[in-house]
Amino acid sequence: MPTGRPATLSLRGMVTSPHSLASAAGSDVLRAGGSAVDAAIATAAALGVIYPHMTGMGGDAFWLIHDAHTGKVRYLNGGGRAAASADPRFFTDKGLSEVPFRGVWPATLTTPGAVSSWCEAHKAYGKLGLPRILASAMDYAQNGYPVSQRLAGWMQRSQAECSAQLGWSELFTPQGLLPTTGSTLRNPALARTLQALAEQGQAGFYQGDTGKALAALSKEHGGFFTAQDLAQQQAEWGEPIVGSYRDLSLYQTPAPTQGFTVLQMLKLVEPLELHKKDFDDPERIHLMVQAKQISYHDRDRWLGDPAFTDMPMAQLLSNAYLDQRRSLMDTSRALAWDQVPSYGSLRGDTVYIAVVDAHGNAVSLIHSLYGAFGSGVVSLDTGVLLQNRSAYFSLQAGHPNVLAPAKIPLHTLIASIGFRHNKLWSVMGCMGADGQPQIQFQAYSNMLDHGMDIQQAVEAPRWLSGRFALGEARDTLHVESRLGAKTLDALAAKGHVLNRWGPWNELAGHAHGITLEGPQQTRFGGSDPRSDGAAVGY
């Protein structure tokens, strides 16, 4: 598989993310003696400043952390919780069938969860102090950062929708004009918020001046969360889930994230021996799409906050159950979507960060505001752009993902860590909302079934099954043209409804990862050219 760039190689530490400046910030922390967790926080904080359409301090985060000393993989849940006042009737009484995508309501319906997870991870694994870790992010916020072509493009596409929201225009169009590629943007209020976090830790964000300002915004504009809701936000440690594919043992983030779908998809196709088919074989893609449809049906039927709903995870990942589900797959024709129903959307923006330090400790971190620029609501006193993850709640009574106080919504965010031959092998993830499991599924198959390295795997032509917007057919198969007309025509002949993308489409997601290869455990870093990212090692 030809690539536009080779994999980045290093023998010590490595960071990969969707922006080169953020990866450099994380690598700088590693060189200064920081841990993998320190570097992940530095990278995430920098992205929250320079990639504000994708992530920020107002969003959520989920972690997998590999401790090289113990060999264990730990899971950290940084999902924001619904406010104590959350009630589906607030929306249904207004004639709404879903939580709005933009505005103060989704901005304040759940609290920001990411910062609590930064502090909890740092408490357990940090080596450097937060002032050093957050230094790059504070510098970019205070003194400015260059606007990338992609950020400028997303501002242009989002302006009509986001400029109607509190604070968006004041922050992103300070002279009344959209910034152009290479121009400089600043967010000094966010620099002060980062400084408070650096000096006071978690309380410096959820309480103190920052917490008071966020609570005041909510109260003044008819929002939901209060100072008490913010003060009660706390990241929680838990157990990851694990599955296998060929010689890979793969850890994923558990409920309320959709990580189990990756494990299901891989297991559904394992007996079908994809490694014996060519990469561009239409039958291979056809079978993978059907595996996606089946696993997403289970996701939409069962997935929710495990503190509120029982989810039969062991059954959903059992060989007996997946053998039964595999019988739905049709090798000759596309599955009718109504036969394997789904809901949801591919719309969403996220960043993924992979870090491996010189000692073999690793972090797989997924971080998001959900939609582009989240809710579109900016707290000008703090510089924080608030997420709209609560728009993913259901308002349907009895649904596992129905809105309730203190509940975490279903999350499309997932992260992975893989082992081969009992050694750490992969740290990989992606952005792409509902597309995230599909992208991981393809990338792991690319490496394990077709011998690609991590850079080849994330650059390879990609498909995504599902809809990007309401009104679009749920069984649309979006396919990059680099798969070739012959393959696409064969998929159409099997009954797939194709949306033929151009050769590179950012909607196909940003995937990034690190693999460890050979007796020296050389770090191979991959970064998706659909983003502004880079893998930076030393």
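Looking at Pro146 and Ile50, their side chains never come closer than 4.5 Å, going by heavy atoms from C-beta outward. For the pair Leu185/Val49, no side-chain contact is recorded, criterion being any heavy-atom separation below 4.5 Å from C-beta on. Annotation: side chain of Phe172 is not in contact with side chain of Gln159 (no heavy-atom distance under 4.5 Å). Side-chain contact between Thr193 and Met57: present, with at least one pair of heavy atoms (C-beta onward) separated by less than 4.5 Å. The shortest side-chain heavy-atom distance between Leu134 and Leu197 falls under the 4.5 Å cut-off. Taking the side chain as every heavy atom from C-beta outward, Leu385 and Leu369 approach each other to under 4.5 Å.
You'll find the ring centres of His411 and Phe62 inside the 6.0 Å limit. Between Trp118 and Phe205, the ring center distance fails the sub-6.0 Å criterion. When ring centroids are compared, Phe419 and Tyr251 come within the 6.0 Å threshold. In this structure, the ring of Phe373 has its center less than 6.0 angstrom from the ring center of Trp168.
A donor-acceptor pair is defined here as one N or O able to donate and one able to accept, closer than 3.5 Å; no such pair exists between the side chain of Asp528 and the backbone of Ser531. One N or O on the side chain of Asp60 and one on the backbone of Gly113 form a donor-acceptor pair closer than 3.5 Å. Judged by distance alone, with hydrogens and angles left aside, the side-chain atoms of Ser17 form no donor-acceptor pair with the main-chain N or O of Ala22 at under 3.5 Å. Remark: side-chain polar atoms of Asp229 are not paired, donor with acceptor, to backbone N or O of Thr111 under 3.5 angstrom. With hydrogens and angles ignored, the 3.5 Å screen pairs no side-chain donor or acceptor of Thr309 with any backbone N or O of Pro306. One N or O on the side chain of Tyr206 and one on the backbone of Ser116 form a donor-acceptor pair closer than 3.5 Å. Although no hydrogens or angles enter the test, the distance criterion places a donor-acceptor pair under 3.5 Å between the side chain of Ser390 and the main chain of Pro106. Within the 3.5 Å criterion, the main-chain N or O of Leu316 finds a donor-acceptor partner in the side chain of Gln264. No donor-acceptor distance shorter than 3.5 angstrom exists from the side chain of Arg523 to the backbone of Leu516, with no hydrogens or angles considered. Within the 3.5 Å criterion, the main-chain N or O of Gly360 finds a donor-acceptor partner in the side chain of His66.
No side-chain N or O of Trp63 forms a donor-acceptor pair with one of Ser364 less than 3.5 Å apart. No side-chain donor from either of Gln202 and Gln207 sits under 3.5 Å from a side-chain acceptor of the other. Residues Asp139 and Ser136 bring no donor and acceptor atom of their side chains to less than 3.5 Å of each other. A donor atom on one side chain and an acceptor atom on the other are found under 3.5 Å apart for Arg299 and Gln258. Side-chain contact annotation: Gln521 with Glu517, donor-acceptor N/O pair under 3.5 Å absent.
A tilted orientation is assigned to the rings of Trp425 and Tyr444, their planes being inclined by 30° to 60°.
A salt bridge links Asp532 with Arg150: the distance from a Lys NZ or Arg NE/NH1/NH2 to an Asp or Glu carboxylate oxygen falls below 4.0 Å. Ion pairing of Asp357 with Lys127 is absent here, as no side-chain N (NZ or NE/NH1/NH2) approaches a carboxylate O to less than 4.0 Å.
Within 6.0 Å of CZ on Arg12 lie no more than 12 heavy atoms contributed by other residues, nucleotides or ligands.
Residues passing the ring pair (Phe, Tyr, Trp, His ring centres under 6.0 Å) test with Tyr51 are His19, His53, sequence neighbours excluded.
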